[in-house]
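Following: one structure in structure tokens, then a few remarks.
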Amino acid sequence: MHIERNRSLAELTTFGLRASAEHFVSCTGVTDVLETLEWHRSHLGMLHVLGGGSNVLLTRDLAGLVLHMGIKGIEEVGREGTAVLVRAGAGVGWHDFVMETLERGWYGLENLSLIPGSVGAGPMQNIGAYGVELEQRFHSLEAVEVASGAVHTFGHADCAFGYRESVFKRRLKGQFVITGVTFRLDTVPELRLGYGAIRSELDAAGVVEPTPQSVSEAVIRIRRSKLPDPAVLGNAGSFFKNPVVSQDVQAALMDRYPEMPHYPAQGGVKLAAGWLIDQAGWKGHDRGTHGVHDRQALVLVNRGGATGAELLKLATDIQEDVEARFAVRLEREVNVLPQTD
Ligand code: EPU
């Protein structure tokens with residue numbers, strides 16, 4: 001275990017914001033994690049776990065310890081009929097993992113191609129795209145309890161998955177470090193083409209008989225056309241979650257905006273935050289160093305040299321304006337560090 005002091009975090013997060021960690025450790029194995037947590041328990045202070053850094057907004061230097069998750073490895077750990085259980089280290093890049101599974105003929109994650117971030121961060125917010133959520137392919141995960149160093153296994157029911165939600169963002173927030181995740185994939189493809197953009201993209205490419213590979217390629221093309229590449233333009237994907245409102249609220253909005261996109265959801269109706277922000281006139285909004293992406297209003301961008309505080313101010317301005325216009329409160333999807341609320 002090697003502890004670095006005042007380590008820059010800019011290149012470890014996709015927003016590319018300048019901030020540093022007071023203490024920093026990169027962990028490549030479970031033993032590293034156990035040792036690091038032991039050090040943390042004896043030194044107290046804050047602990048932050050950093051995976052792919054694709055869902056965080058750093059507003060200032062982080063006091064305490066940053067544990068960077070670098071556990072790699074992808075392996076088959078079991079078979080059940082045509083299903084195959086595949087375990088990946090929490091530090092494996094999510095997209096690299098999806099590509100590897102496709103190459104090995106293990107299907108089910110193709111719609112989740114090109115999502116930034118790491119395998120370990122996936123279950124935290126139950127990543128999802130194009131009609132598939134991680135929880136549909138989740139088998140179990142291993143995590144180390146911060147307070148005790150005990151290794152726990154969590155099954156599907158233990159994770160309390162929801163839309164961009166899990167127990168690790170709620171009741172158990174900050175209490176566990178995820179070290180590995182096992183997925184239940186299938187050697188027989190079961191394509192999910194229900195999400196409109198996928199079918200039209202396959203049609204446009206002249207694909208008559210879709211395969212997991214061609215679906216993956218279609219998703220990659222769609223994402224590239226809308227979402228900025230963090231290597232070119234700092235961003236953290238969707239900054240806000242799509243809000244779920246009551247049917248009454250949705251009906252009242254539909255009277256005013258009959259064309260408003262909406263989807264059935266657990267506990268109400270899901271609205272498109274991108275549409276609300278776009279309607280409010282924020283798409284392409286430019287504040288010099290930062291702004292709102294011009295092809296997807298849900299994405300805030302660091303055009304170069306922005307601070308996390310400036311981006312947070314922009315997010316707050318958008319939240320307040322959307323609430324004033326539509327009486328809908330947008331909730332952040334991105335984690336702000338250090339935490340403010
Ligand atoms: N829309 C606009 N203007 C915009 C953006 C969107 O009018 O600037 C409209 C679209 O035309 C569409 C609706 O809003 O009618 C929804 O847009 P889209 O299909 O692009 O998806 P989204 O709801 O904006 C969600 C996820 C994305 C995921 C896509 C595809 C959330 C917060 N975002 O975006 O996930 O890739 O669906 O499944 O759920 C992420 O979480 O970081 C992320 C990128």
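Hydrogens, waters and symmetry mates are skipped; everything else that's a heavy atom, side chains included, is used.
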Quiz item: If two hydrophobic side chains count as joined below 4.5 Å and joins carry through other members, does Leu9 share a cluster with Leu67?
Solution: no
Quiz prompt | Flag if over 12 foreign heavy atoms under 6.0 Å of CZ, Arg60 | solution = no
Quiz item: Ignoring hydrogens and geometry, is there a side-chain-to-backbone donor-acceptor pair from Ser238 to Leu298 under 3.5 Å?
Solution: no
Exercise. Determine the minimum heavy-atom distance between Ser113 and Met99, stating which atoms define it.
Key: OG-CE, 3.9 Å
Quiz item: Got a sec, which residues hit ring-ring contact (aromatic ring centres under 6.0 Å, His included) with Phe240, two or more places apart in sequence or on another chain?
Solution: none
Self-check item: Thr289 versus Asn302, closest heavy-atom pair with distance
Solution: O-OD1, 3.4 Å
Exercise. Say whether, by atom type as modelled, one donor and one acceptor occur between the side chain of Gln319 and the main chain of Leu330 under 3.5 angstrom.
Key: yes
Exercise. Please name the residue in the list Lys173, Arg171, Arg170 that meets the salt bridge (Lys or Arg N to Asp or Glu O under 4.0 Å) test with Glu165.
Key: Arg170
Quiz item: Using the ring of each side chain (for Trp, its six-membered ring), is His68 parallel, tilted or perpendicular to Phe24, with breaks at 30° and 60°?
Solution: parallel
Quiz prompt | Check: Thr101 main-chain N/O paired with Glu103 side-chain donor or acceptor under 3.5 Å | solution = no
Self-check item: Asn126 and Ser166 side chains, donor-acceptor separation under 3.5 Å
Solution: no
Exercise. For the pair Arg137 (side chain) and Arg184 (backbone), establish whether a donor and an acceptor sit closer than 3.5 Å, ignoring hydrogens and angles.
Key: yes
Practice problem: Could you check Asp317 against Arg287 for salt bridge (charged side-chain N to carboxylate O under 4.0 Å, His left out), going step by step and ending with a plain yes or no? | Solution: CA-CA 12 Å; Asp317 290 348; Arg287 291 188 177 176; 2.8 Å; yes
Quiz item: With distance as the sole test, does Thr316 use its side chain to make a donor-acceptor pair with the main-chain N or O of Leu312 at under 3.5 Å?
Solution: yes
Quiz item: Can you name the closest pair of heavy atoms from Glu145 and Ser148 and give their distance?
Solution: OE1-OG, 2.7 Å
Quiz prompt | Residue Arg18 excluded, over 12 heavy atoms near CZ under 6.0 Å | solution = no
Would you give me the side-chain donor-acceptor pairs under 3.5 Å for residues 190-205, sequence neighbours excluded?
from	atom 1	to	atom 2	distance (Å)
Ser200	OG	Gly196	O	3.2
Ser200	OG	Ala197	O	3.3
Glu201	OE2	Arg221	NE	2.7

Quiz item: Where the side chain of His262 meets the backbone of Met260, is there a donor-acceptor pair that is under 3.5 Å apart?
Solution: yes
Exercise. Keeping the roles fixed (side chain from Asn335, backbone from Val56), state whether a donor-acceptor pair exists under 3.5 Å.
Key: no
Please tabulate, one pair per line, all N/O donor-acceptor pairs under 3.5 Å involving side-chain atoms of residues 264-283, not counting sequence neighbours.
from	atom 1	to	atom 2	distance (Å)
Asp278	OD2	Lys283	NZ	3.2
Trp282	NE1	Asp321	OD2	2.7

Quiz item: Is there a donor-acceptor pair under 3.5 Å between the side chain of Asn235 and the backbone N or O of Pro228?
Solution: yes
Practice problem: Quick one: closest heavy-atom pair of Glu76 and Val84, and the distance? | Solution: CG-CG2, 3.6 Å
Quiz prompt | Pairs touching residues 298-310 that satisfy salt bridge (Lys or Arg N to Asp or Glu O under 4.0 Å), sequence neighbours left out | solution = Asp286-Arg303
Self-check item: Phe138: ring-ring contact (aromatic ring centres under 6.0 Å, His included) partners, not counting sequence neighbours
Solution: Phe161
Practice problem: May I ask whether Val249 and Val244 are part of the same hydrophobic cluster, defined by side-chain heavy atoms of I, L, V, M, F, W, Y residues being less than 4.5 angstrom apart, directly or through others? | Solution: no
Quiz item: In this structure, are over 12 heavy atoms from other groups packed under 6.0 Å from Glu323 atom CD?
Solution: yes
Quiz item: If you look only at pairs with a residue in residues 22-36, which of them pass as a salt bridge (Lys or Arg N to Asp or Glu O under 4.0 Å), with sequence neighbours excluded?
Solution: none
